[in-house]
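Letters A, B, ... are given to chains in the order of the sequence lines, protein chains preceding strands, and every chain is numbered from 1. Being a predicted model, the structure only gives us computed values, none of them experimental.
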Amino acid sequence: MPQPLNYLKETPSQTAGPYVHIGLAPRAAGFDIYDTELGFDPMPDDVPGPRIRVTGCVFDGMGATVRDVLIEVWQADAAGLYPDQPGAAAGFRHWARVVPDFDTGQFTLDTVLPGAVPGPQGRMQAPHLSLWLVARGINTGLQTRMYFADQDNAADPVLSLIEQPHRRDTLIARGADGHYHFDIHLQGDKETVFLDV
Amino acid sequence: MTLYQRDRTWHPPALAPDYKTSVARSPRQAMLSIEGTVSELTGPRFGHGAITPLDGDLIANYARDGDPVGERIIVHGRVLDENGRPVPRTLVEIWQANAGGRYRHKKDGYLAPIDPNFGGCGRVLTDDQGHYAFRTIKPGAYPWRNWVNNWRPAHIHLSVFGTAFAQRLITQMYFEGDPLIAHCPIVQAIPDPRAIDALIAPLDLNQAVPLDCLAYRFDIVLRGRRSTFFENRPEGN
């Protein structure tokens with residue numbers, strides 16, 4: 001026998017279930033317990049950059065809305081910087097939680113338009129939001145990205161890796177000038193490209 | 001810096017037909033594998049400003065006119081990475097049903113009653129060595145609509161951050177000796193029995209508080225970070 005490597009194994013994922021809001025968004029579950037609920041901070045007025053609003057829905061493979069989903073968003077600031085990088089916007093959280101309306105399934109995210117950020121080999125990545133979805137029926141949280149139709153996505157190194165050109169569109173929000181619409185399809189003809197990062 | 005490849009054969013597959021809700025909610029196309037960039041290798045951090053000591057005590061954090069009903073327990077452990085290194089000052093959030101198996105959620109209609117003194121959620125930051133601890137009530141088993149007679153084993157949901165958005169993990173902790181574990185389609189979606197064992201917390205009598213509460217230990221392992229020995233580092237990582 002060779003020497004053992006002795007790495008630990010990652011803890012296996014389990015679904016967040018239908019009541020994920022109790023843990024991560026208790027007000028959405030119907031009660032108030034923390035002084036500060038994380039991920040729902042209002043945007044300070046002095047954060048630089050164009051304000052944007054993204055609306056959309058998550059759909060299952062039958063075309064029904066996934067109304068119990070919880071989405072986390074992680075993004076650069078308007079200058080393309082993440083926290084701790086010199087010059088990153090003070091007071092900007094970079095991270096948000098998004099819970100749709102339980103009756104309609106529509107979600108709304110208010111944030112700033114992120115700047116472009118460096119990617120592999122120094123190639124620039126087009127402005128994007130990183131998204132992570134959990135819900136009942138999703139065994140391991142799903143990673144994806146959202147790009148913007150009115151930005152220059154032509155040279156983005158991640159979009160360029162998608163073999164079928166029409167599937168790139170599943171990651172690009174429609175709209176312009178601060179108002180965007182982005183639907184996520186878990187399955188089916190319009191299945192969103194999910195990332196193994 | 002990058003992360004070790006996630007072993008997708010260790011996690012439950014997206015499509016687990018015995019867990020019926022996964023059938024229409026599982027992607028069918030291959031995921032796109034990408035090298036982590038700054039967008040995935042950074043992540044949110046949290047400070048003590050927003051999180052109070054009471055937040056980690058589920059026996060007290062929603063108490064109105066007394067303690068909640070049920071078996072008093074401590075759940076504690078460490079957050080480590082695959083290298084065995086502790087993950088300090090990272091956020092751990094939990095949520096669970098009460099002792100009767102009922103969730104405080106507007107969408108839960110199970111006939112077991114809400115406990116007026118129990119909210120069912122908590123959050124803490126790990127300490128410098130990656131330790132965390134909650135005090136809570138042991139959750140009850142409850143029925144759920146999958147097959148007609150499906151029951152979830154007693155479990156606590158956990159959400160953990162790490163330092164990179166690509167380390168983000170949600171899982172469930174089960175309790176040693178629970179006979180329902182073997183019958184649960186959500187648990188049994190995990191193909192490798194060793195991986196299921198990694199979700200079962202043993203009773204930890206050494207950490208019990210005599211005449212007060214029992215304890216269970218649950219360590220959490222996040223994806224490991226790699227700082228490579230020989231690699232071009234154009235991003236200065």
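Note: B:Arg45 leads B:Gln96, B:Arg45, B:Glu35 in heavy-atom pairs under 4.5 Å with chain A. Taking B:Arg152, B:Glu40, B:His11, B:Arg194 one by one and counting their heavy-atom pairs under 4.5 Å with chain A, the maximum is reached by B:His11. Between chain A and the residues B:Asn61, B:Asn83, B:Asp108, the most heavy-atom pairs under 4.5 angstrom are made by B:Asp108.
Looking at A:Trp74, its side chain does come within 3.5 Å of a backbone N or O of B:Thr42 through a donor-acceptor pair.
A side-chain donor from one of B:Ser39 and A:Tyr82 sits under 3.5 Å from a side-chain acceptor of the other.
Of the two parts of B:Ile94, only the backbone, made up of N, CA, C and O, holds a non-hydrogen atom closer than 4.5 Å to a non-hydrogen atom of chain A. Only the side chain of B:Ser159 comes within contact range of chain A, with heavy atoms under 4.5 Å apart. Residue B:Leu169 touches chain A through both its backbone and its side chain, counting heavy-atom pairs closer than 4.5 Å. Heavy atoms of B:Leu91 lying under 4.5 Å from chain A belong exclusively to its side chain. Heavy atoms closer than 4.5 Å to chain A are found in the side chain of B:Glu93, but not in its backbone. Within the 4.5 angstrom heavy-atom criterion, only side-chain atoms of B:Arg8, from C-beta onward, approach chain A.
None of B:Asp7, B:Asp81, B:Asp197, B:Asp192 except one satisfies the salt bridge (Lys or Arg N to Asp or Glu O under 4.0 Å) rule with A:Lys9; the exception is B:Asp7.
Within residues 139-148 of chain A, the residues having any heavy atom closer than 4.5 Å to a heavy atom of chain B are A:Asn139, A:Thr140, A:Leu142, A:Gln143, A:Arg145, listed by residue number.
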B:Leu158 vs A:Gln14, side-chain contact (heavy atoms from CB on, under 4.5 Å): CA-CA, chis, key distance, verdict: CA-CA 9 Å; B:Leu158 297 102; A:Gln14 290 274 265; over 6 Å; no

side-chain contact (heavy atoms from CB on, under 4.5 Å) between B:His157 and A:Tyr19, intermediate numbers included: CA-CA 10 Å; B:His157 297 264; A:Tyr19 307 126; over 6 Å; no

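With respect to B:Arg6 and A:Glu10, a salt bridge is recorded, a charged nitrogen being found less than 4.0 Å from a carboxylate O.
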